[in-house]
S.K.: 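Take this structure, written in structure tokens, and hold onto it; I'll ask about it next.
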Number of protein chains: 2
Amino acid sequence: MQTTKRPTFANFKKKALQNEEVRKEYNALKPLFAIKKQLVAARIAKGLTQDEIAKKIGTSKSNISRLESLNNTYMPNLATLMKYAEALGMRLDIGLR
Amino acid sequence: MQTTKRPTFANFKKKALQNEEVRKEYNALKPLFAIKKQLVAARIAKGLTQDEIAKKIGTSKSNISRLESLNNTYMPNLATLMKYAEALGMRLDIGLR
DNA sequence: ACAAAGGTTATCAAATATGATAACATATCC
DNA sequence: GGATATGTTATCATATTTGATAACCTTTGT
């Protein structure tokens, strides 16, 4: 007995639509993910832990984990990002293109 | 009768201290002011009004005025900045240096 | 095996940013 | 002068982010 569903055009279109929405959503969030990845990369490059960053900023490592995580889409404000950058001994660079 | 106060070292130090704090504060807010100035410049360059940006985003011109203003230090979150950038037909570029 | 280090997730309180609205000010146009 | 366009400021409600804490998980070191 075959239990495998046969692909149909409707299925294909639905999947394509979902992919399009997913892509659109992902594109919309690119700046967020970009800065998160940069923060994590810089922290690791400098051999710092989340806890050390947290201490420099005056917060908790769990809050740093939340900030760094790609598993949520909280939108950090500039103060938060600026503080993290400063804790890295760096500056936040923000512009338009 | 002389009514002019004579400068003293204490006065000088106090003024220098204030300037130092002001400068420090200003430096800390540089990224904020930088992106504000860029948003305004881009909007004007594209010949758009605050109201037009507001309509594209789905907010009010007064909120755009507040966002653009150098007279306050509200720290916009990334979503807000991303929306403005998109209304300009541009992308927000954020990184570390 | 156990402890410590490093990180993740959830929850709720507190703080802050944005939404919504109105009044006001200035500049421009007819 | 009056109407319109553009921008500013204030106020309060609402939404969102951050603060604070705890429990949990994984990795590392001894």
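Computed from a predicted structure; not experimentally measured.
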S.K.: Could you give the CG-to-C1' distance, from A:Asn77 to C:dT18, as a whole number of Å?
M.R.: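 Answer to the nearest Å: 12 Å.
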S.K.: Below 3.5 Å between N/O atoms, which protein atoms pair up with nucleotides 27-30 of chain D? Just atom names and distances, please.
M.R.:
none

S.K.: Under a single-linkage rule joining Ile, Leu, Val, Met, Phe, Trp and Tyr whose side-chain heavy atoms are separated by less than 4.5 Å, which residues share a cluster with A:Tyr74?
M.R.: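 When side chains under 4.5 Å apart are linked, A:Tyr74 ends up in no cluster with other residues.
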S.K.: What residues form a side chain to side chain donor-acceptor pair (under 3.5 Å) with A:Lys61, not counting sequence neighbours?
M.R.: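 Checked A:Lys61 against side chain to side chain donor-acceptor pair (under 3.5 Å); zero matches.
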S.K.: Give each protein N/O atom lying under 3.5 Å from an N/O atom of nucleotides 8-12 of chain C, with the pair distance.
M.R.:
from  : atom 1 : to      : atom 2 : distance (Å)
C:dT8 : OP2    : A:Gln50 : NE2    : 2.8
C:dT8 : OP2    : A:Ser65 : OG     : 2.8

S.K.: Whole Å only: how far is the CG atom of A:Leu78 from the P atom of C:dA17?
M.R.: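 Checked: the CG to P distance equals 10 Å.
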S.K.: Any heavy-atom pair between the side chains of A:Leu92 and A:Ile35 that's under 4.5 Å?
M.R.: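 SC-SC contact between A:Ile35 and A:Leu92 confirmed.
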S.K.: Could you state the CG-P distance from A:Leu67 to C:dG7, rounded to the nearest angstrom?
M.R.: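 Those two atoms, CG and P, are 14 Å apart.
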S.K.: Are A:Leu32 and B:Leu96 connected, step by step, through hydrophobic side chains (Ile, Leu, Val, Met, Phe, Trp, Tyr) whose heavy atoms are closer than 4.5 Å?
M.R.: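 The answer is yes; both residues are in one hydrophobic cluster.
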S.K.: The criterion is side-chain contact (heavy atoms from CB on, under 4.5 Å); which residues satisfy it with A:Thr59, sequence neighbours excluded?
M.R.: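 By the side-chain contact (heavy atoms from CB on, under 4.5 Å) rule, A:Thr59 matches A:Ala54, A:Ile57, A:Asn63, A:Ile64.
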S.K.: Sequence neighbours excluded, which residues qualify as side chain to side chain donor-acceptor pair (under 3.5 Å) partners of B:Ser65?
M.R.: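 Per chain and number, B:Ser65 pairs via side chain to side chain donor-acceptor pair (under 3.5 Å) with no residue.
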S.K.: Just how far, in rounded Å, is C1' of D:dT17 from CG of A:Leu81?
M.R.: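 Interatomic distance, CG of A:Leu81 to C1' of D:dT17: 12 Å.
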S.K.: Keeping to residues at least two apart or across chains, list the salt bridge (Lys or Arg N to Asp or Glu O under 4.0 Å) pairs with something in residues 44-60 of chain A.
M.R.: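 As it turns out, the salt bridge (Lys or Arg N to Asp or Glu O under 4.0 Å) pairs with a partner in residues 44-60 of chain A, which skip direct neighbours, are A:Asp51-A:Lys55.
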S.K.: Is there a chain of hydrophobic side chains (I, L, V, M, F, W, Y, each step under 4.5 Å between heavy atoms) that links A:Phe33 to A:Val40?
M.R.: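 No, A:Phe33 does not connect to A:Val40 through the hydrophobic network.
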S.K.: Please state whether the phosphate of D:dA20, meaning OP1 or OP2, lies under 4.0 angstrom from any side-chain nitrogen or oxygen of A:Ser60.
M.R.: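 Checking D:dA20 against A:Ser60, no side-chain N or O comes under 4.0 Å of OP1 or OP2.
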S.K.: Counting distance only, does the side-chain N/O of B:Gln50 pair as donor-acceptor with the main-chain N or O of B:Ser60 below 3.5 Å?
M.R.: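 No.
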S.K.: Are side-chain heavy atoms of B:Met75 and B:Leu29 found at a separation under 4.5 Å?
M.R.: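 Touching, per the 4.5 Å side-chain cut-off.
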S.K.: Under 4.0 Å between any heavy atoms, over every strand shown, what does A:Thr59 touch: base, sugar-phosphate, or nothing? Just pick one.
M.R.: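 Touches sugar-phosphate only.
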S.K.: Quickly work out the B:Met75 CE to C:dA15 P distance and round it to whole Å.
M.R.: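 Taking atom P of C:dA15 as the reference, CE of B:Met75 is at 18 Å.
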S.K.: If I take atom CD1 in residue A:Ile53 and atom C1' in nucleotide D:dT18, what distance separates them, rounded to the nearest angstrom?
M.R.: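 After rounding, the reported distance stands at 17 Å.
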S.K.: Where does DNA chain C pair, written as one dot-bracket string 5' to 3', with Watson-Crick or G-U pairs under 3.5 Å, ( ) inside the strand, [ ] for crossing pairs and | for another strand?
M.R.: ||||||||||||||||||||||||||||||
S.K.: Rounded to whole Å, please give me the gap between CG in B:Asp51 and P in D:dT4.
M.R.: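 Checked: the CG to P distance equals 15 Å.
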S.K.: Side-chain donor-acceptor contacts of residues 78-91 of chain A below 3.5 Å, not counting sequence neighbours, with atom names and distances?
M.R.:
from    : atom 1 : to      : atom 2 : distance (Å)
A:Thr80 : OG1    : A:Asn77 : OD1    : 3.2
A:Tyr84 : OH     : A:Glu68 : OE2    : 2.5
A:Arg91 : NH2    : B:Asn27 : O      : 3.0

S.K.: Output the rounded distance in Å from CG (A:Asn72) to P (D:dT16).
M.R.: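 From A:Asn72 CG to D:dT16 P: 14 Å.
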